Structures are given as structure tokens and as C-alpha cells.
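A short worksheet on the structure shown next.
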Amino acid sequence: MILLQDMSLPELTDYLTANYNVKPFVAKQIFEWLTKSVDFDGMTNIAKNLREQLKQNCVAVSAKIVQTLTSNIDGTQKFLFELHDGNVIEGVLMKYKYGNTLCVSSQVGCRMGCKFCASTLGGLTRNLSAGEILGQVLSVNALGEGKERHVTNIVLMGSGEPLDNFDNVVKFLQLVTDPQGINISERNISLSTCGIVPNIRKLADMGCSLNLTLSLHNADNDERKQIMPVTNAYSVEEAVDACRYYFEKTGRRVIIEYTLIDRQNDSYAHALKLASLLRCMSVHVNVIALNPVKETGLKGTSESNLKKFLQYLDKLGVSATRRRTMGQDVEGACGQLRRRYLEGNNGN
Ligand code: SAH
């Protein structure tokens with residue numbers, strides 16, 4: 001199957017003229033429908049026989065919303081998207097005063113094996129194509145009828161490790177920032193990684209202005225190996241050095257993500273080690289308590305210990321804040337909704 005949302009306007013025009021003898025202005029009309037995530041049946045200004053032909057070989061909407069949960073607490077929406085091969089992925093729309101941030105997935109599942117994360121429990125099924133990452137944005141953006149841009153910010157923080165799907169993620173960034181397409185600025189996009197060092201450096205060398213987040217969670221290599229196997233390949237020092245390099249090359253301040261797990265990474269000694277690792281670096285630490293995942297048995301740090309940890313960091317001169325938890329009542333953390341959905345379908 002050819003995913004039409006994988007293509008920029010010039011690519012789509014080339015493809016349609018070469019294979020369907022379509023005129024460039026018709027290709028443009030189709031591109032506009034695709035940007036609004038409209039399926040072939042809804043492309044009312046396109047000849048019916050062309051649409052029927054396209055249906056045989058092509059997919060128009062690469063990530064279809066099949067389920068939506070809306071939080072009663074803060075209006076956060078969790079979406080389940082279905083892909084053309086029946087796989088499902090999830091995304092979250094968080095509403096802020098300045099706009100709406102969509103958290104998108106970059107892979108079906110994940111092979112990074114972080115012990116606290118629901119996305120990785122079943123391993124990696126497959127990479128998402130650029131158009132399947134973009135499709136999540138386009139489908140949710142289309143919900144804001146009338147408004148030109150419903151999704152104003154994007155975070156690559158859903159299921160998957162974006163730097164383990166480097167080429168497709170880079171292509172996605174080109175498509176989503178394309179002035180002919182949805183045209184969201186890189187400054188409004190964040191990419192979160194568990195620390196695939198060579199690809200952090202590659203991204204820096206591309207001179208992008210993306211916001212980078214490193215999921216660190218522990219500054220001690222031996223302890224981090226227990227919860228994040230990626231540390232066997234790249235040490236925390238290498239990961240932090242790559243972030244330093246990213247900042248030097250791009251001028252974008254890196255965010256360090258630190259999820260507090262009860263009695264595993266929340267002591268004063270941990271704060272001290274973190275402070276010394278990040279010394280002389282222009283970074284900000286986002287602290288959050290672990291969102292318990294039924295399958296992992298790990299517990300989040302208590303409210304009082306979280307506050308203490310923030311105080312330690314403050315005393316040690318590390319810029320840190322607590323990240324707001326949102327959508328607690330709609331299967332909060334990474335990969336949880338998808339797991340429930342798959343469990344439901346398997347009858348367990
Ligand atoms: N693979 C990327 C992006 C996906 S995970 C990465 O590792 O950054 C997005 C963020 O959610 C990461 O910081 C991850 O560590 C965090 N996370 C995953 N499961 C969590 C949970 N149960 N509670 C709190 N944070 C979690």
C-alpha cells in the first residue's frame with residue numbers, strides 16, 4: 001500500500017502524474033484533502049473513478065481515530081489510532097492556555113525495554129512511516145473544525161523511541177514543518193529520547209531548532225542500567241555530552257526528564273549525583289512521579305518525597321520544576337491505553 005500522507009506536495013504530484021496521469025492542480029486538491037485527513041469518499045471535487053482507482057493501491061488517512069477518551073479533570077484527550085495494517089497506536093492532546101500540544105507515537109511498541117514503561121512490554125512491532133506520524137497530527141488537527149490550527153505544538157513522546165526510527169522521524173519533521181503543508185515550526189516541536197547518542201549528534205549536525213528532551217531518570221550508570229537497558233550501550237556521561245553538543249550546535253536548551261520511582265532514584269544522593277552530572281550545563285530538569293503501570297510493580301514517589309527532591313535540586317543550583325500530570329483519568333502514561341485495548345480484543 002502507498003501511504004499518500006508520506007508525501008510532500010511535489011512528491012505527491014510526481015507520483016500521481018506518473019501513475020494516474022493526474023493534472024498538477026488535481027494533485028494539489030488531493031493534497032489539501034490529505035492535509036485535512038479526509039478519506040477518498042470525502043474528496044468531493046475529485047472524479048469518482050480516480051478515487052476508486054486510488055483506493056485500490058493507496059491509503060489516504062494513515063492514522064484513523066478509532067477511540068477518544070476525554071478527561072473530566074482537565075479536558076485532556078487520549079486517542080487510539082488505527083493504521084492501515086490494523087495496528088493501533090495512541091496519542092494525547094493536552095490543552096494549555098497558549099495552545100494544544102499533541103503527543104504522538106513514533107513506533108508501534110518499542111524495543112528499548114525501560115522497566116517502568118508500558119509501551120515496551122510487548123517489544124517493537126514496527127516503525128511508523130513519516131506519514132503515519134504526520135497522520136496522527138493531521139487527524140487530530142482536523143477535529144478543530146473552522147480553526148486553522150487545532151494542534152499548535154507537538155511532542156514526540158508517545159510510544160516508541162523516535163531516534164530508533166531516525167530517517168522516518170526526520171522525514172516527518174520535514175513534512176510537518178513544510179509551508180505547503182500544516183507548517184508547524186520546529187520551535188514548537190519537542191523530541192524525547194532515552195539517549196541514542198549517535199543520533200542525538202546527527203540531529204544536532206542537521207542544525208535543527210527542535211526542542212530536545214533526554215529521559216535520564218538516574219545519573220548513576222549501574223542503577224540506570226537496571227531500569228533503562230540503553231545505558232549498556234551509551235553511558236549517562238555520553239548521553240549528557242551529546243546533549244551539551246546539541247545545545248552548542250542549535251542554541252536550544254535541553255530538557256532532562258526525571259521520573260521519580262519510589263526508593264529507586266529519589267534520595268538526596270541521587271539529587272547530588274544528578275547535580276554533578278549536569279554541572280555547568282544549560283539544562284532544565286522536569287520532575288514527575290512515576291505513573292504506576294500495573295504490569296511493572298514499580299511505584300511512584302510520594303508527594304512529600306517529590307517536593308523534597310525538588311528542594312534538593314534547588315539547593316544544589318539545578319533548575320527544575322515539576323511537570324504537570326495531565327489526563328490522569330484517561331490511562332495516563334505511555335502505552336497504557338493501547339495495552340488495555342489489545343487486552344480487551346484478546347479477551348483477557
Ligand atoms: N522513547 C522516548 C519517548 C517515549 S517515552 C523516551 O524515552 O524519551 C516518553 C516519556 O515518558 C519518557 O520520559 C519516559 O521515560 C516517560 N515514561 C514512560 N513510562 C512512564 C511512566 N509509567 N510514568 C512516568 N513517565 C513514564
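Everything numeric here is computed off the predicted structure, so don't read it as measured data. Counting convention: from 1, in listed order, for ligands and their atoms alike. No hydrogens, no waters, no symmetry mates; every other heavy atom, side chains included, goes into these values.
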For His217, is the nearest heavy atom under 4.0 Å from an atom of ligand 1? yes
Side chain, backbone, both or neither: Thr259 near ligand 1, heavy atoms under 4.0 Å: side chain
Among Val59, Leu34, Val61, side chain to side chain contact (heavy atoms under 4.5 Å, CB included) partner for Asp39: Val61
Measure Ile288 to ligand 1 on non-hydrogen atoms and call it side chain, backbone, both or neither using the 4.0 Å cut-off. neither
Is the shortest heavy-atom distance from the side chain of Leu93 to the side chain of Val151 under 4.5 Å? yes
Should the proximity of Glu161 to ligand 1, defined as any heavy atom under 4.0 Å, be assigned to the side chain, the backbone, both, or neither? both
Gly160 heavy atom under 4.0 Å from ligand 1: yes
Under the side chain to side chain donor-acceptor pair (under 3.5 Å) rule, collect the residues that match up with Asp241, sequence neighbours excluded. Arg244
Here the atoms of ligand 1 under 4.0 Å from any heavy atom belonging to Gly158 are 4 (C)
Going by the rule salt bridge (Lys or Arg N to Asp or Glu O under 4.0 Å), which residues pair with Glu161 if we only count those two or more places apart in sequence or in a different chain? none
Enumerated ligand 1 atoms positioned under 4.0 Å from heavy atoms of Cys194: 6 (C), 7 (O), 8 (O)
With Arg201 as the cation and Tyr245 as the aromatic partner, state whether NZ or CZ is under 6.0 Å from the six-membered ring centre and within 45° of the axis. yes
Any Met157 heavy atom less than 4.0 Å to ligand 1: yes
Those atoms of ligand 1 less than 4.0 Å from some heavy atom in Cys117: 18 (C), 19 (N)
Is it the case that the side chain of Tyr258 and the backbone of Asn265 share a donor-acceptor pair, with hydrogens and angles ignored and the cut-off at 3.5 Å? yes
List the steps, then state whether side-chain contact (heavy atoms from CB on, under 4.5 Å) holds for Leu143 with Phe79. CA-CA 12 Å; Leu143 299 176; Phe79 302 100; 3.6 Å; yes
